[in-house]
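Computed from a predicted model, the values in this text were never measured in an experiment. Hydrogens, waters and symmetry mates play no part in the numbers below; they use all other heavy atoms, side chains included.
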Amino acid sequence: VQLQASGGGLVQPGGSLRLSCAASGTTFTLGAMAWYRQGPGNERELVATITSGGNIKYVDSVKGRFTISRNNAKNTVYLDMNSLKPEDTDVYYCAAARRPSPSMLAIQRAHHYDYWGQGTQVTVSS
């Protein structure tokens, strides 16, 4: 299974971007799909995750601004980012799990995910 992320770029503060991540090489519906972000010298941070049934968890710093969604038939996950701030600048990675989600707590841990995309840069700057 390969994950291909797209949609990053440069945007001004207050602007919007939509990230997409499509999985290929599988015929079954993946488990939880998530977005993480990581800056230089920082640990990878969970941004949002969504189960195949639509249960969602966001990190507090993006609640009300970001929306995660997915298309199970296409094994694709999206991240709509609005009201972007300079502190949202990072490399964003998508991730997917092969197995069903055992709990909402488990899918918030990076080691739950089996597949990772290549990362897409998001820069918020005037």
Query raised in the report: Is Tyr58 close to Thr67 at the side-chain level, that is, under 4.5 Å between some pair of heavy atoms?
Result: yes

Note: Arg18 and Ser69 closest approach over all heavy atoms is NH2-OG, 4.2 Å

(Q) Whether the side chain of Asp114 engages the backbone of Arg98 through a donor-acceptor N/O pair (distance < 3.5 Å, no angle test) should be reported. (A) yes

All heavy atoms of Ser20 vs all of Trp35, minimum pair found to be O-CH2, 3.6 Å

The remaining residues in the hydrophobic cluster of Tyr93, counting side-chain heavy-atom contacts under 4.5 Å among Ile, Leu, Val, Met, Phe, Trp and Tyr, are Tyr36, Leu46, Val91, Met104, Ile107, Tyr113, Trp116

Between Ser125 and Pro13, the two heavy atoms sitting closest are C-CD, 3.6 Å

Of Leu17, Asp90, Leu19, the one forming a side-chain contact (heavy atoms from CB on, under 4.5 Å) with Thr120 is Leu19

Heavy-atom closest pair (His111 atom, Arg99 atom, distance to 0.1 Å) is O-NH2, 4.4 Å

Next item on the list: Apply side chain to side chain contact (heavy atoms under 4.5 Å, CB included) to the pair Val77 and Ile68, showing each step before the final yes or no.
Entry: CA-CA 7 Å; Val77 64; Ile68 190 171; 3.8 Å; yes

Where do Tyr92 and Gln121 land on the side chain to side chain contact (heavy atoms under 4.5 Å, CB included) test, with the steps shown first?
CA-CA 6 Å; Tyr92 284 69; Gln121 176 71 46; over 6 Å; no

Measure the shortest side-chain to side-chain distance between Gln118 and Leu3 over non-hydrogen atoms and say whether it is less than 4.5 angstrom.
no

Is any side-chain heavy atom of Val124 closer than 4.5 Å to one of Glu87? no

For Arg65 and Ser83, the nearest pair of non-hydrogen atoms, with its separation, is NH1-O, 3.0 Å

Could you check if a side-chain atom of Thr49 sits within less than 4.5 angstrom of a side-chain atom of Ile56, using non-hydrogen atoms only?
no

>> Side chains of Arg70 and Ser52, heavy atoms from C-beta outward: is any pair under 4.5 Å?
In response: yes

All heavy atoms of Ser101 vs all of Thr51, minimum pair found to be OG-CG2, 3.6 Å

- Take atom CD of Glu43 as the centre, draw a 6.0 Å sphere, and report whether it contains more than 12 heavy atoms from other residues, nucleotides or ligands. no

* To do: Please test Met33 against Thr76 for side chain to side chain contact (heavy atoms under 4.5 Å, CB included), starting from the C-alpha separation and ending with a verdict.
  => CA-CA 8 Å; Met33 300 184 78; Thr76 300; over 6 Å; no

OH (Tyr115) and SG (Cys21) are apart, to the nearest 0.5 Å, by 13.0 Å

Count I, L, V, M, F, W, Y as connected when their side-chain heavy atoms are under 4.5 Å apart, and connections chain through other members. Are Val47 and Leu84 then in the same cluster?
yes

task: Using the rule that two of Ile, Leu, Val, Met, Phe, Trp, Tyr join whenever any of their side-chain heavy atoms come within less than 4.5 Å, decide whether Ile50 and Phe66 are in one cluster.
output: yes

The salt bridge (charged side-chain N to carboxylate O under 4.0 Å, His left out) partners of Arg44 (sequence neighbours excluded) come to none

Open item on the list: If we count only N and O atoms by modelled type, under 3.5 Å, do the side chains of Asn72 and Thr29 hold a donor and an acceptor together?
Closed with: no

### Pair Asp60 + Lys63, salt bridge at N-O below 4.0 Å
yes

Quick one: do Leu79 and Leu10 end up in the same hydrophobic cluster if we chain Ile, Leu, Val, Met, Phe, Trp and Tyr together by side-chain heavy atoms under 4.5 Å apart?
-> no

